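This one's a predicted model, so the numbers in the text were calculated from it and none came from an experiment. Residue indices begin at 1 and follow the sequence shown.
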Amino acid sequence: MTRDEKFMQAAIELAEQALELGEVPVGAVVVQGERIIGRGFNTRESEKSPLGHAELNAIKEACAALGGWRLNGCELFVTLEPCPMCAGAVINSRIKRVIYGAADKRSGSCASVTDLFALPYDNRPEAVGGVLEKECSAILSDFFSRLRISCGEAVTAPAAIISPSGMLWDENSHIIRPNAAEALEELSKDHRIFAMSSQSSGDIEALLKANSLDGYFEGIIFLDRCGMTGAENLRLFTKRMKIKKAVCAGCSDSERQAAQTCGIPFIHAAFSGKKVKSCNAAISSLSELPEALRFLTRQSANKKTT
């Protein structure tokens with residue numbers, strides 16, 4: 001274990017304490033030389049304060065230990081990339097180096113959203129990311145998974161659909177991200193991801209395999225326009241990829257019958273009279289897409305209560 005990993009492990013142990021208290025599990029330590037002089041974890045919920053971030057708590061304790069507000073030559077180890085508030089505190093406290101585990105795509109201010117350390121402030125700390133990233137990400141994922149179950153997934157995690165091209169859409173056909181396949185692990189923390197395919201399931205299966213995305217999908221919406229063949233493809237695909245929830249959206253009684261024969265729920269889809277040539281075109285013209293998502297999320301909720 002390297003020096004950075006040793007101190008990051010200490011931060012992870014603090015994140016686990018936050019998890020036990022129901023806080024977002026982020027932990028931080030301030031290090032001077034080879035000695036930890038400040039420890040902290042998230043206390044926003046318990047203290048009812050937006051200032052209760054792990055970094056600020058660790059910096060406050062370190063300042064008390066040294067008897068001053070300057071932490072010259074010190075390092076901050078934190079399990080999640082600092083937000084702008086905490087990055088500002090690092091700059092102002094004269095910390096020379098920040099080492100973080102997981103990147104924060106929503107508010108990370110050392111690289112992800114912006115890089116405050118690259119601006120011409122008096123103090124420009126060095127930032128190193130990805131130290132014990134897997135372990136730091138895992139504890140956050142576990143927390144948000146528990147939160148969705150306890151609070152109700154429909155409220156805490158809105159549904160989203162990914163097309164074979166890797167584009168992520170919300171249930172109202174608005175683009176959330178054009179290249180979602182590259183960051184689906186991060187996106188899945190805040191969205192319930194459903195796949196969408198048309199005619200042959202080979203397109204979405206290729207996306208899954210190319211990006212190692214197995215296990216991120218709660219279900220699939222199949223835009224079936226090829227009768228029994230398409231429905232049978234969907235049945236085999238969901239079995240092969242271990243997708244437990246599926247719904248078939250079609251336009252005719254023959255498609256309904258094909259889906260039902262294969263044991264797949266069917267929703268009548270209105271394509272506004274247009275000939276659909278691709279999944280991306282289909283999603284913008286499929287007026288029943290929200291209903292298809294509601295059907296799948298109801299399936300999920302019913303299975304959890306039985």
Side-chain angles (χ1 to χ4, degrees), residues 7-31 36-65 69 71 76-93 95 98-114 116 129 131-160 183 185-193 297 300-301 304-305:
F7 288 120
M8 185 61 72
Q9 185 58 49
I12 290 173
E13 292 172 3
L14 288 164
E16 291 171 346
Q17 292 184 38
L19 182 65
E20 293 175 0
L21 297 173
E23 300 276 355
V24 175
V26 179
V29 297
V30 174
V31 174
I36 294 176
I37 60 171
R39 293 174 173 83
F41 54 79
N42 260 350
T43 56
R44 287 185 300 176
E45 299 301 328
S46 57
E47 295 182 355
K48 303 295 186 289
S49 170
L51 303 180
H53 283 212
E55 299 96 312
L56 298 188
N57 288 333
I59 288 172
K60 183 177 180 180
E61 184 173 292
C63 289
W69 60 267
L71 299 177
L76 173 73
F77 292 79
V78 58
T79 57
L80 183 66
E81 181 182 357
C83 70
M85 175 177 68
C86 294
V90 167
I91 292 170
N92 283 302
S93 61
I95 287 174
V98 173
I99 304 90
Y100 62 89
D104 187 347
K105 301 298 182 181
R106 292 186 300 174
S107 58
S109 297
C110 301
S112 296
V113 177
T114 188
L116 292 182
V131 177
L132 297 184
E133 180 178 12
K134 185 176 180 180
E135 292 85 345
C136 293
S137 296
I139 191 171
L140 286 164
S141 297
D142 179 58
F143 170 79
F144 286 112
S145 295
R146 294 185 194 180
L147 186 65
R148 288 169 187 159
I149 293 172
S150 63
C151 296
E153 290 185 325
V155 175
T156 59
E185 180 178 0
E186 184 69 24
L187 290 165
S188 65
K189 296 175 183 177
D190 301 305
H191 298 86
R192 307 176 64 192
I193 310 295
T297 53
S300 178
K304 283 177 181 173
T305 56

If every non-hydrogen atom of [X] is compared with every non-hydrogen atom of [Y], which pair is closest and at what distance?
X	Y	answer
Val131	Cys136	O-SG, 4.1 Å
Met8	Ile99	CE-O, 3.4 Å
Val29	Arg39	CG1-CG, 4.1 Å
Ala89	Ile59	CB-CD1, 4.0 Å
Asp104	Ser112	O-CB, 3.1 Å
Ala103	Leu80	O-CD1, 3.8 Å

So, [X] side chain and [Y] main chain: donor-acceptor pair closer than 3.5 Å or not?
X	Y	answer
Thr79	Gly27	yes
Asn42	Pro25	no
Glu81	Cys110	yes
Ser93	Val90	yes

Show every donor-acceptor pair shorter than 3.5 Å between a side-chain atom in residues 14-24 and any protein atom, with sequence neighbours excluded, or say none if there are none.
unit_1 : atom_1 : unit_2 : atom_2 : d
Glu23  : OE1    : Arg44  : N      : 3.3
Glu23  : OE1    : Glu45  : N      : 3.0
Glu23  : OE2    : Glu45  : N      : 3.2
Glu23  : OE2    : Ser46  : N      : 2.7
Glu23  : OE2    : Ser46  : OG     : 3.0

Does the pair Thr43 and Ser49 meet the rule for a side chain to side chain contact (heavy atoms under 4.5 Å, CB included), with working shown?
CA-CA 8 Å; Thr43 56; Ser49 170; over 6 Å; no
Which value, rounded to the nearest 0.5 Å, describes the distance between Leu132 atom CG and Ile139 atom CD1?
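It is 12.0 Å, given to the nearest 0.5 Å.
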Just verifying a value: how many Å separate Ile95 CD1 and Glu55 CD, rounded to the nearest 0.5 Å?
9.5 Å
Does the side chain of His53 come within less than 4.5 Å of Val26's, by heavy atoms?
no
Show the numbers, then the answer: is there a side chain to side chain contact (heavy atoms under 4.5 Å, CB included) between Ile36 and Phe7?
CA-CA 8 Å; Ile36 294 176; Phe7 288 120; 3.8 Å; yes
